[in-house]
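Along the sequence shown, residues are numbered consecutively beginning with 1.
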Amino acid sequence: MDTIVYNDYDVAADSYDRMARDHNLTDLLATCRRVLRHHGTPGRRLLDLGCGTGKGAIPLAEDGFEVTGVDSSARMLEVARAKPGAERVEFVVGTPVTCPRWDPSTRC
């Protein structure tokens with residue numbers, strides 16, 4: 001018997017950015033940048049688990065980081081890939097379970 005996986009985020013993907021427009025990512029990204037500058041990032045590689053529509057991954061890639069964005073919703077990633085700057089991010093359908101130990105040489 002086939003198993004159907006239902007992902008609420010697939011349904012919400014097209015309107016997610018509008019629904020989340022009040023989420024202040026500016027402060028979160030500023031904090032991330034400050035922490036990354038302070039602690040450094042060997043190889044300048046970042047893994048964004050639950051990246052959704054790329055609202056965090058794309059700006060960090062524009063800062064020069066090599067970003068892999070992972071999300072369980074294929075539709076959210078389609079929305080992310082359609083955004084300006086998305087070509088700088090490698091978007092992968094997955095979860096922390098399917099990507100438990102990130103190896104930068106093999107990606108997820």
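- Pro59 and Arg33 get closest at one heavy-atom pair: CB-NH2, 3.7 Å.
- For Ala61 against Val67, the heavy-atom pair with the smallest separation is N-CG2, 3.7 Å.
- Applying the side-chain hydrogen bond (donor to acceptor under 3.5 Å, both in side chains) criterion to Arg37, with sequence neighbours excluded, gives no partner residue.
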*asked:* Evaluate Arg44 against Glu66 for salt bridge (charged side-chain N to carboxylate O under 4.0 Å, His left out), listing each step before the verdict.
replied: CA-CA 6 Å; Arg44 300 199 44 89; Glu66 188 176 334; over 6 Å; no

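- For Thr31, the side-chain hydrogen bond (donor to acceptor under 3.5 Å, both in side chains) partners two or more places apart in sequence, or in a different chain, are Arg34.
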*Yes or no on side chain to side chain contact (heavy atoms under 4.5 Å, CB included) for Leu36 and Asp63, after CA distance, side-chain angles and deciding distance?*
CA-CA 11 Å; Leu36 291 168; Asp63 287 350; over 6 Å; no

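- Annotation: side-chain contact (heavy atoms from CB on, under 4.5 Å) contacts of Arg81 (sequence neighbours excluded): Leu77, Phe91.
- Atom CG of Leu25 is separated from atom SG of Cys32 by 9.0 Å, given to the nearest 0.5 angstrom.
- Heavy atoms only, all atoms of each residue included: Leu29 and Lys55 are closest at CD1-O, 4.1 Å.
- For residues 69-78, the pairs satisfying salt bridge (charged side-chain N to carboxylate O under 4.0 Å, His left out) are Asp14-Arg75, Arg75-Glu78, with sequence neighbours left out.
- Heavy-atom minimum distance, Ala86 versus Ala80: CB-O, 3.1 Å.
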